[in-house]
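In what follows, chains carry the letters A, B, and so on, assigned in the order in which the sequence lines appear, proteins first and then strands, with residues in each chain numbered from 1.
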Amino acid sequence: MDGRVHTMCPASHINDLLKEPVLDLDVEVRGWVHRTRSSGKIVFDVLRDATGIIQVTIKKGNLPDMEFESAQMSHIESSVIVRGRMFKDDRAPGGYEIRASSFTLVGTSAPYPITEYQSEELLLDNRHLWIRSREQTAIMKVKASLMKGARDWLNSNEFYEVTPPIFTQNACEGGVTLFKLKYFDDQAFLSQSAQMYLEALIFSLEKVYAITPSFRAEKSRTTRHLTEFWHLELEEAWTDSKLNMEIQENLVSAMVAKAVEERSEELKLLGRDVADLKEIVPPFKRVTYAQMIDRLKQKEFEIEWGADLGAAEERAVTEDEKVPTFVTNFPRECKAFYMKEDPDDPKTVKCADLLAPEGYGEIIGGSERETDLAKLLERLEANNIPTEAYQWYLDLRKFGSVPHSGFGLGVERVVRWVCKLEHIRDAVPFPRTVARVYP
RNA sequence: GCCGUCGUAGCUCAGUCGGUAGAGCGUGGGACUGUUAAUCCCAAGGUCAUCGGUUCGAUCCCGAUCGACGGCGCCA
């Protein structure tokens with residue numbers, strides 16, 4: 001036994017056949033009809049499986065008439081099993097085709113709603129079918145590689161993967177709108193960040209991360225917001241803001257490198273030049289918020305110290321960049337209460353937003369955390385946040401508090417940037433946005 | 001929360017200066033033994049988003065509602 005789990009019977013995957021064509025034996029492939037054309041006594045099907053596509057020609061006389069007729073009848077997306085000999089043929093897309101000696105229609109398909117002309121609305125209503133498309137398939141494969149790259153890097157750097165709760169009673173930042181739900185006789189929220197739970201976990205494990213869904217009830221209508229997204233959050237004891245950024249740039253680089261290693265073809269299909277991604281190596285750029293304001297003023301933005309950076313500002317300073325940029329030391333008032341004040345510049349906090357290049361915007365928000373209980377209480381009060389639900393969090397500062405830092409990475413935001421997607425909703429198979437929870 | 005655009009056949013759209021509609025694709029039938037989003041012939045398919053107003057008459061003009069999409073703010 002090789003330890004793999006085998007499927008029902010020995011059929012080949014299309015890309016394996018294209019990589020090492022077997023021209024002298026019958027092969028069997030299983031998949032779905034991607035394109036079909038018929039011309040009297042010959043049917044051309046382009047067959048799709050999880051790995052690729054190949055043309056199949058079904059000629060009357062080469063197989064039982066019943067099977068030829070089912071080939072004629074099979075619509076796009078019918079599932080089929082085809083056996084036959086593989087031939088090199090320049091007339092076939094991809095250069096090879098299978099000439100069928102057997103054609104089994106496994107599952108018929110009703111007329112497929114997605115045709116050559118498609119509106120965004122139709123596609124989103126049929127998202128459960130649209131995800132079969134080559135482009136969407138490519139995105140999901142890249143995403144899997146990015147996540148694998150992240151886990152590989154984190155695990156080999158001795159971070160523990162932990163499992164924080166999704167039901168919570170604390171609103172992490174104070175400003176964010178949460179999904180409220182009835183929790184038996186109590187009230188709870190869907191988590192919008194696991195950060196505080198990760199902070200609690202560093203006291204036993206020191207280096208932790210979690211990959212969980214996070215939920216935001218903000219009515220954001222933009223190309224970079226989902227109401228449900230996958231959040232990669234990390235927290236590390238004995239880590240300052242500087243080391244925190246080094247972890248981030250190494251992690252992001254490892255994710256991108258894994259996608260390049262495993263999914264170059266898919267990235268090309270999506271219009272992403274892999275050469276761009278090969279430049280994503282540490283160190284990333286670092287600028288302070290104050291420097292950013294100066295730079296924006298030179299670009300004739302009307303912005304003063306103290307104002308938060310908007311989408312247009314972020315775009316203006318990153319659209320010509322090749323690597324991501326950290327923006328550090330935001331004014332205290334722009335950021336969450338738990339971020340540590342910078343002793344060298346107390347108007348600011350030791351935070352860093354990581355902005356993707358090419359104007360794709362923020363992909364990570366991180367900071368060194370405030371360890372001083374009095375300062376935390378002061379900041380909570382200044383932000384009008386009631387402290388009741390935070391008692392356990394404040395406790396962490398009473399029992400062996402240590403310097404620590406962490407961050408949250410928006411997985412779909414990274415996918416959007418790496419895959420060069422116009423909209424973040426294509427970075428997740430079933431996007432949840434303000435206007436959409438179906439399908 | 002704010003601003004904007006759109007809603008006509010299964011799909012993508014055109015159209016009617018107000019007199020109840022048309023194309024392409026798809027579907028069904030037919031032809032074709034090498035197609036590349038195949039081609040050719042025939043056919044079926046529409047309360048013109050909903051409700052109300054103006055009018056002899058509204059799919060078209062006006063208003064409201066609903067739905068979708070785009071942009072801003074907020075954040076990952």
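Residue Leu123(A) contributes atom CG, which lies 12 Å from atom P of C11(B) at whole-angstrom precision. Here G34(B) presents its P atom at 14 Å from CG of Asn62(A), a figure rounded to the nearest Å. Note: NE2 (His225(A)) to C1' (G71(B)) measures 13 Å, nearest angstrom. Distance CD1 (Ile58(A)) to P (U33(B)): 16 Å, rounded to an integer number of Å. Computed from coordinates, the Leu178(A) CG to C75(B) C1' distance equals 12 Å when rounded to whole Å. Rounded to whole angstrom, the span from the CG atom of Leu129(A) across to the P atom of C11(B) amounts to 14 Å. Atom CD1 of Ile54(A) and atom P of G34(B) are 20 Å apart (whole Å). One can place CD of Glu121(A) at 11 Å from P of G70(B), the figure rounded to the nearest angstrom.
U5(B) and A68(B) make up a base pair, with Watson-Crick or G-U wobble contacts both under 3.5 Å.
Contacts of Glu422(A) with the nucleic acid, taken as non-hydrogen atoms under 4.0 Å apart, are absent. Residue Ile364(A) is classed as a sugar-phosphate contact, given heavy-atom separations below 4.0 Å to backbone atoms only. Heavy atoms of Glu412(A) sit nowhere under 4.0 angstrom from any nucleic acid atom. At the heavy-atom level, Ala311(A) lies under 4.0 Å from the strands shown only through sugar-phosphate atoms. Across all strands shown, Arg436(A) has heavy atoms under 4.0 Å from sugar-phosphate atoms exclusively, and none from any base. Here Pro113(A) lies out of heavy-atom contact (under 4.0 Å) with every strand. Nucleic acid contact for Leu124(A): sugar-phosphate only, since backbone atoms but no base atoms lie under 4.0 Å from a heavy atom of the residue. Arg99(A) comes within contact range of at least one nucleobase, with a heavy-atom separation under 4.0 Å. Note on Asp89(A): a base of the nucleic acid sits closer than 4.0 angstrom, heavy atoms only. Within the 4.0 angstrom heavy-atom criterion, only backbone atoms of the sugar-phosphate kind lie near Gly310(A); the bases stay farther away.
Comparing G67(B), G34(B), C75(B) by their closest approach to the side chain of Phe44(A) singles out G34(B). Here G34(B) is the nucleotide among G34(B), C75(B), G73(B) with the atom lying nearest to any side-chain atom of Glu97(A). Out of C74(B), A76(B), A37(B), the shortest distance to the side chain of Arg35(A) is found at A37(B). When distances are taken from the side chain of Glu362(A) to each of A76(B), G70(B), U33(B), the shortest belongs to A76(B). When distances are taken from the side chain of Pro93(A) to each of C74(B), A76(B), U36(B), the shortest belongs to U36(B). Listed nucleotides: C74(B), C11(B), C69(B). Nearest to the side chain of Leu122(A): C11(B). Nearest to the side chain of Ala92(A), among U35(B), G71(B), C74(B), sits U35(B).
Mapping Thr223(A) and Asp125(A) onto RNA chain B by nearest heavy atom places Asp125(A) closer to the 5' end of the strand.
Remark: the separation of the C1' atoms in C2(B) and C74(B) is 13 Å, to the nearest Å. Going from the P atom of U47(B) to that of C60(B) covers 16 Å, rounded to whole Å. Taking atom C1' on both G45(B) and U8(B), the two are 14 Å apart, rounded to the nearest angstrom. Rounded to the nearest Å, the gap between the C1' atom of C3(B) and that of C61(B) is 25 Å. Rounded to the nearest Å, the gap between the C1' atom of A9(B) and that of A14(B) is 13 Å. The gap from the C1' atom of G26(B) to that of C11(B) amounts to 7 Å, rounded to the nearest Å. For the P atom pair drawn from G34(B) and C69(B), the interatomic distance equals 45 Å after rounding to whole Å. For the P atoms, the distance from A44(B) to U5(B) is 40 Å, rounded to whole Å.
In summary, the aromatic rings of Trp153(A) and Tyr209(A) are positioned with their centroids too far apart to meet the 6.0 Å limit.
Listed here is the closest heavy atom pair of Asn250(A) and Pro282(A): OD1-CG, 3.5 Å. Closest approach of Asp125(A) and Tyr438(A) over heavy atoms only: O-CE2, 3.8 Å.
Judged by distance alone, with hydrogens and angles left aside, the side-chain atoms of Ser79(A) form a donor-acceptor pair with the main-chain N or O of Gly107(A) at under 3.5 Å. Using modelled atom types, one side-chain atom of Asp49(A) and one backbone atom of Gly52(A) make a donor-acceptor pair closer than 3.5 Å. At least one donor-acceptor pair closer than 3.5 Å links the side chain of Thr51(A) to the backbone N or O of Asn15(A).
Contact between the side-chain N/O atoms of Arg315(A) and the OP1/OP2 oxygens of G71(B) is not found at any separation under 4.0 Å. For the OP1/OP2 pair of G70(B) and a distance below 4.0 Å, the side-chain nitrogens and oxygens of His423(A) include at least one atom meeting the criterion.
The side-chain contact (heavy atoms from CB on, under 4.5 Å) check on Arg132(A) picks up Trp32(A), Arg48(A), Glu77(A), Tyr112(A), Leu129(A), with sequence neighbours excluded. Among residues two or more places apart in sequence or in another chain, the side-chain hydrogen bond (donor to acceptor under 3.5 Å, both in side chains) test is passed with Gln72(A) by none. For Thr239(A), the side-chain hydrogen bond (donor to acceptor under 3.5 Å, both in side chains) partners at least two apart in sequence or on another chain are Glu236(A).
Glu233(A) and Ser193(A) are linked by a side-chain donor-acceptor pair at a separation below 3.5 angstrom, with hydrogens and angles left out of the test. For the 3.5 Å distance criterion, the side chains of Thr222(A) and His225(A) qualify, holding a donor opposite an acceptor.
Using a cutoff of 4.0 Å between basic side-chain nitrogens and carboxylate oxygens, Glu97(A) and Arg99(A) are scored as salt-bridged.
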Going 5' to 3' through nucleotides 22-32 of chain B, assign each nucleotide B (protein heavy atom under 4.0 Å from a base atom), S (under 4.0 Å only from sugar-phosphate atoms) or - (no protein heavy atom that close).
--BS-SS---B
If a protein heavy atom is under 4.0 Å from the base, mark B; if only from the sugar-phosphate, S; if neither, -; do that for nucleotides 1-8 of chain B going 5' to 3'.
B-------
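Annotation: cation-pi pair Lys180(A)/Phe189(A) absent, no NZ/CZ under 6.0 Å from the ring centroid and within 45° of its normal.
A stacked arrangement is assigned to Phe229(A) and the six-membered base ring of A76(B), with a centre-to-centre distance below 5.5 Å and an interplanar angle below 30°.
Each of Thr227(A), Leu181(A), Leu178(A) was scored for a side-chain contact (heavy atoms from CB on, under 4.5 Å) with Leu190(A), with one residue passing: Leu181(A).
Within residues 145-156 of chain A, no residue has any heavy atom closer than 4.0 Å to RNA chain B.
For a distance-only test at 3.5 Å, the side chain of Gln55(A) fails to qualify as a donor-acceptor partner of the base of U36(B).
Ring geometry, Tyr289(A) versus Phe330(A): the interplanar angle falls from 30° to 60°, so the pair is classed tilted.
Atoms CD1 and CG, on Ile58(A) and Asp45(A) in that order, are 4.0 Å from each other to the nearest 0.5 Å.
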